[in-house]
Every structure is written in C-alpha cells, then in structure tokens.
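See structure below.
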Amino acid sequence: MAHYKLIFTGPVGAGKTTAISTLSDVPIVSTEARASDHVAERKPRTTVAMDYGLLRLDGNERVHLYGTPGQERFDFMWDILTEGGLGLILLLDNTRPDPFEDLRHFVEAFRDFIKETHLAVGVTRMDEAPLPGLDSYNEHLSKLGFAAPIFEVDARSRRDVAILVQSLLYMLDPGARG
Amino acid sequence: MENGGPLKVTLHGFDERARSMLALFLEGPAQGICRLANTPEEAEAAIVDLDGAVPERIWLEFRRKFNGPALVLSATERRLRNAHWVAKPVQLGEFKAAIERVRSQIDAIRTLKRLEEAPAPAAAEQPGSGINLGPLERRFIDIAGDMSDEIYLDISQRERLFYDPHQYIEHTLREGLTLARKDNAPVIFDGLGHNLIFCPTSHRIYTDMREQFLRSLCVQPHTGERIGFRTASSDTLPLIGSSDPRLQRLDSTLWNVSLWTSRGRVPKGTPLNAPIKLLAWPNLTRLTISPHALRIAALWATRPTSLMDTPRLLDVPYRHVFAFYSASLILGLVEPLGGNASPAQVSPSPPPLPSVQNEAQTQRRGLLSRLLAKLGLGLR
Ligand SMILES: Nc1nc2c(ncn2[C@@H]2O[C@H](COP(=O)(O)OP(=O)(O)OP(=O)(O)O)[C@@H](O)[C@H]2O)c(=O)[nH]1
Ligand SMILES: [Mg+2]
C-alpha cells in the first residue's frame with residue numbers, strides 16, 4: 001500500500017510540533033530535547049530530529065505527518081523527510097525578528113520540492129503580533145516566484161491547521177472533493 | 001555501525017594514490033570511526049572525491065550506483081543533495097563531525113522506515129473528525145441566496161445574476177473605507193441608529209450593532225442613501241480596549257457585508273465568461289467560509305476559470321461560485337482576465353480539469369478526497 005506524507009517545516013518555535021499533534025490520530029512521536037544555547041531563551045524544548053504523527057483514513061490507509069527540526073544544524077534531515085511528500089506546510093512565527101527572511105530561507109531551501117508539489121503557509125502568533133499582515137507575506141512570496149495560500153493560523157487550533165492543510169490539498173488537485 | 005562499530009563506507013572518484021592515502025587515514029587517525037566495506041552491499045555510506053577532472057560526471061555516475069548518504073571531499077565547498085561536505089586537506093575533527101552527521105542521518109532513515117511500516121499505534125482520544133459549523137457557516141442562504149442553477153443558465157433571466165452595489169449600504173461602507181484610508185483617520189458613520197466606526201490603522205471596526213441588524217441593512221436597497229460619514233480625530237473616539245467585543249476585524253466585516261448583499265449575485269458589469277484569477281487567498285481561517293470556498297480559490301489560483309465554467313468544472317452550485325467571487329472582490333483578491341466585458345452566452349462546455357487518466361493520478365485524487373473528508377469542514 002502506498003504511503004503518503006505531509007511535511008511541516010518552519011523556524012524554531014513556529015508551532016510545527018503543536019500543529020502535528022492537533023491533527024494526529026495517535027500520540028505524536030517527537031524527538032524533543034531541552035533546548036541548548038540561544039534557542040532556550042525562546043522556548044525550553046525543541047525538536048532535534050523530527051516530529052511524527054499519523055492520520056488514519058478508512059480502509060487502513062495512512063497519511064504520515066512529519067515535522068522537520070527547526071534548528072538549522074539539522075537541515076540535512078530535510079531531503080530525507082520530503083522524499084515522496086505530497087506537499088509542504090510552512091509555518092512562520094510572526095513574532096520572530098525577521099519573518100520575511102524566514103520565509104525566504106525556507107522557500108529557497110525547499111524550492112525544488114515546492115516546484116514538484118505545492119506549498120501552503122500558516123503565519124502563527126498573529127494574536128501576539130498582528131503585524132506584519134498577510135498582504136506583506138503575499139508580496140514577499142511572489143517576489144520569490146511563488147504563489148500559495150497564506151493564512152493566519154494558531155497552531156493550537158485544529159480548525160486552523162485543518163483549513164491550511166485542505167488548501168494545500170485542493171491546490172494539488174481542485175478536482176478532489178471532501 | 002548497528003552496535004556502534006565503525007561506519008562501513010565505499011569509495012568513489014578516487015585515483016589509486018588518493019585511495020591509498022585515504023585508506024591509511026582510515027586505518028590510522030580515523031580508526032574506529034569508519035572502515036572500508038568488504039562488499040558494495042555492505043556499505044552504509046560513501047566517500048566521494050570530487051576534485052577529479054569533471055566533478056559533475058563523477059557525481060552523476062556515483063549517484064547512479066549509490067543512493068545513501070555521502071561524504072564529499074573537495075577543496076571548494078559543495079552543496080549536494082543527501083551529502084556532507086568535508087574540506088581538503090581533511091582535518092580529523094571535521095571528518096569526525098561529518099561522520100556523526102551521516103550516522104544521525106542513517107538513524108533517522110531507519111526510524112522513518114520503522115514508523116512507516118509499524119502497525120498503527122493505538123488511537124489517542126479521537127479528536128473528533130469533522131469540525132463544528134459556526135452559526136455563520138450554517139446560514140448558507142444568507143450568504144449565497146437560493147437561486148437554482150436553471151436561473152443562472154437561462155439567458156432570459158440574466159438580469160437576476162447581477163446587483164448594483166450603489167443601491168446598497170455596501171457602496172456607502174466602501175466609500176467610507178476609501179476616505180478612512182486616504183486620510184488615514186477613523187471614519188464615523190451617521191444615520192444608522194448605532195455606532196459604526198472604521199479604524200484604518202488597526203484594521204478594525206467598532207460597532208454596537210448586532211450582526212443580524214447589519215445584515216438586515218445590507219439586504220435592503222437604498223439604505224445607504226440616508227447614511228453619512230465623516231472622518232474623526234482619534235481623541236474624540238470612545239476608549240476601546242483591544243478585547244472589547246464591539247471591536248471587530250475590518251476585512252471580516254466587509255467580507256460578510258458583501259456576502260449578505262450579493263447573495264449569489266455579482267456586481268453589475270462583471271464579465272461572466274472572462275477567466276477569474278485569484279490574486280491572493282482570502283484569510284479563510286478568519287473569514288466566513290462560504291461553501292466550496294477553498295476549492296474555488298484553488299482553481300482560480302492554479303487555473304483562472306470563468307464564473308460560468310467554474311460551477312460545471314467543480315460540480316458545485318452556481319450561487320456558491322458567484323458568492324465567493326463577490327466577497328473576494330470587495331477585498332481586492334480577484335480579477336477577471338482579458339476584459340471580456342460582454343456578459344454573453346454560455347460557452348458550450350468548459351475545458352475539463354486536468355484529467356485523471358492514469359492509475360496513479362486516480363489513486364491520488366481518491367486519497368486527497370478521503371483526506372479532505374477526514375479533515376472536514378462539513379462544507380462541500
Ligand atoms: N500565542 C500563540 N502561541 C502559539 C501559536 N501557535 C503555536 N503557539 C505556541 O508556540 C509554542 C511553540 O510551538 P512548537 O510546536 O513547540 O514549535 P516548533 O515549531 O515545533 O519548534 P521547534 O521544534 O523548536 O522547531 C507552543 O507553546 C505553542 O502552543 C499561536 O498562534 N499563538
Ligand atoms: Mg518542535
């Protein structure tokens with residue numbers, strides 16, 4: 001039986017682990033560790049290799065949910081995780097010092113994968129920092145040569161994460177219907 | 001390396017001399033870290049010398065033979081898929097660090113395989129598939145009207161598909177917004193019997209109107225004529241805390257105003273046969289999701305399609321497509337292409353969606369549909 005996967009990526013603390021756990025049907029497997037050095041200032045625990053969750057569909061079909069580690073020193077994991085993935089969900093944290101630089105960084109890093117599949121962007125923590133707005137994200141993304149659904153997302157909300165993932169799936173095939 | 005022993009490697013791209021030097025290095029300073037594999041099948045990783053005459057050729061040839069993680073040795077930096085660069089001349093410390101990265105990579109691949117092949121773990125508490133509909137989402141008639149597809153296809157009833165925003169409060173509100181943006185100052189509306197203030201800098205509106213009341217204003221023609229608006233200086237406004245429920249999102253209010261006013265129609269003069277392009281996605285996690293909004297948006301984003309073709313292509317009622325267009329228009333998110341201004345006849349039949357011909361595509365569409373249903377908004 002074919003295995004399908006969805007990849008969640010984004011900078012440290014953007015909400016990848018949280019988003020995967022709000023969707024997953026099973027307790028997520030997360031290789032978290034106490035954050036060292038500068039990461040610890042922002043959050044006590046960080047993902048070091050990956051997050052793993054699972055969505056079960058009827059007929060024993062499964063969709064694997066993978067989260068990449070946020071810290072750059074683990075970026076060798078990215079190629080392995082994306083292989084065979086349906087598409088990329090990029091979470092960005094609106095309270096970070098330069099979220100547009102984060103956007104650029106991740107879009108460049110996953111450029112080939114996005115071209116082969118599709119991208120959906122969720123901007124988190126807009127409750128804490130309403131600015132910049134989504135229109136600025138749209139502008140920056142189009143300068144990078146891509147267009148994608150970009151939504152305000154609270155990674156703790158299943159509804160928000162579900163809408164984000166659905167937009168990605170419809171981009172892959174508007175003919176699909178839930 | 002299963003038991004923490006040396007990593008078994010195979011070599012590529014080395015000439016005789018370089019090969020024996022590396023062998024000395026592996027048996028000497030790098031002893032215990034990695035060793036040459038006895039057979040190609042046994043190799044867990046590869047070391048590739050990329051300082052040969054045509055590095056690209058060496059790399060391609062290598063990749064045809066070996067798929068696993070690689071250590072790339074060269075004088076200048078190389079960034080290659082699934083490979084870790086080590087500068088020449090090779091320093092023991094850097095070499096060790098690179099081997100460590102390869103080891104974590106191999107571990108990760110093994111973990112992935114194990115996870116994907118393991119029987120599904122017992123279900124956690126089921127998060128409950130499907131999502132509760134908000135009261136707004138239930139009120140489809142309020143936001144998309146109730147005209148049947150026959151009306152949209154009947155040329156003699158064409159008039160009914162259009163409305164004139166100038167006859168509704170929608171137009172007055174838009175003019176007020178334009179003024180607020182131009183003067184970059186709050187705009188107060190008079191004559192509503194309730195407070196209504198646009199605050200352009202915070203993208204919020206302030207109102208003590210109930211939603212039902214605003215909706216009833218939207219539905220009646222000519223309400224706008226008795227309403228005036230003016231800019232105000234910020235210090236004449238009531239003090240509003242950011243958690244005050246009377247403070248609402250401007251985009252979401254305008255979106256609703258447009259849905260309530262249009263009810264399945266589009267503004268007069270909209271070309272029905274011009275392809276519609278989505279310029280940017282509406283923020284659908286924070287706006288009322290009209291039926292099929294995500295599908296329509298995805299189609300217009302990937303493949304501009306006209307108002308008349310979209311319902312047939314997606315097999316959804318016309319009124320939902322028209323409603324989504326009008327709401328997106330008020331936020332400036334859609335654009336008809338090519339300026340085909342004449343609301344002419346219906347084209348014979350829309351070009352089909354990228355067809356699903358082969359087995360794999362059919363299989364994928366099936367999977368996407370099941371996954372969508374599982375994530376469910378209840379909004380088909
Ligand atoms: N206030 C607020 N908090 C959020 C939002 N989204 C996520 N969070 C919180 O942000 C914190 C960080 O989330 P994680 O899921 O650990 O982030 P991550 O992307 O996995 O981070 P790394 O593993 O370190 O790369 C959690 O405490 C979440 O509850 C949001 O929209 N608003
Ligand atoms: Mg994490």
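First the proteins, then the strands, lettered A, B, ... as listed; each starts at 1. Just so it is clear, the structure is predicted and the values come from calculations on it, not from any experiment.
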If one checks every heavy atom of B:P69 against chain A at 4.5 Å, the contacting part turns out to be neither
For atom CZ of B:R181, decide whether the heavy atoms of other residues, nucleotides or ligands shown that lie under 6.0 angstrom number more than 12. no
The interface call for A:N138 against chain B, heavy-atom contacts under 4.5 Å, is side chain
Q. Does A:R177 use its side chain to pair, donor to acceptor, with the backbone of B:H292 at less than 3.5 Å?
A. no
Turns out that what part of A:I150 lies under 4.5 Å from chain B's heavy atoms comes down to backbone
Rounded to the nearest 0.5 Å, the OG atom of B:S369 sits from the CG atom of A:D173 at a distance of 7.0 Å
Donor-acceptor under 3.5 Å (B:R295 side chain, A:P174 main chain): yes
- Decide side-chain contact (heavy atoms from CB on, under 4.5 Å) for B:R370 and A:L55; before the verdict, give the C-alpha distance in whole Å, the side-chain angles of both, and the deciding distance to 0.1 Å. CA-CA 11 Å; B:R370 289 187 292 280; A:L55 276 171; over 6 Å; no
All heavy atoms of B:L375 vs all of A:R158, minimum pair found to be O-NH1, 4.0 Å
One should read off an interatomic distance between A:Q166 CD and B:L284 CG, to the nearest 0.5 angstrom, of 10.5 Å
Q.
So A:E61 and B:L371, do their side chains get closer than 4.5 Å, heavy atoms only?
A. no
So CG of A:D160 and OG1 of B:T285: to nearest 0.5 Å the spacing works out to 5.0 Å
Output for pair (B:T302 OG1, A:Y170 OH), nearest 0.5 Å, gives 13.0 Å
A:D154 vs B:R286, test: salt bridge (Lys or Arg N to Asp or Glu O under 4.0 Å). Steps then yes/no. CA-CA 11 Å; A:D154 187 325; B:R286 298 291 177 270; 5.6 Å; no
### Query
Above 12 or not: heavy atoms from other molecules or residues under 6.0 Å from CD of A:E83?
no
Q: In sequence, state the C-alpha distance, the side-chain angles, and the governing distance for A:L169 and B:L294, and then conclude on side-chain contact (heavy atoms from CB on, under 4.5 Å).
A: CA-CA 10 Å; A:L169 303 178; B:L294 286 160; over 6 Å; no
Whatever's closer than 4.5 Å to a heavy atom in chain B on A:L86 counts as side chain
| message | Closer than 4.0 angstrom, basic N to acidic O: yes or no for B:K374 and A:D25? | response | yes
Between the CG atom in B:L372 and the CG atom in A:L168, the distance rounded to the nearest 0.5 Å is 9.5 Å
field: NZ/NE/NH1/NH2 to OD/OE distance under 4.0 Å, B:R249 and A:E152
entry: yes
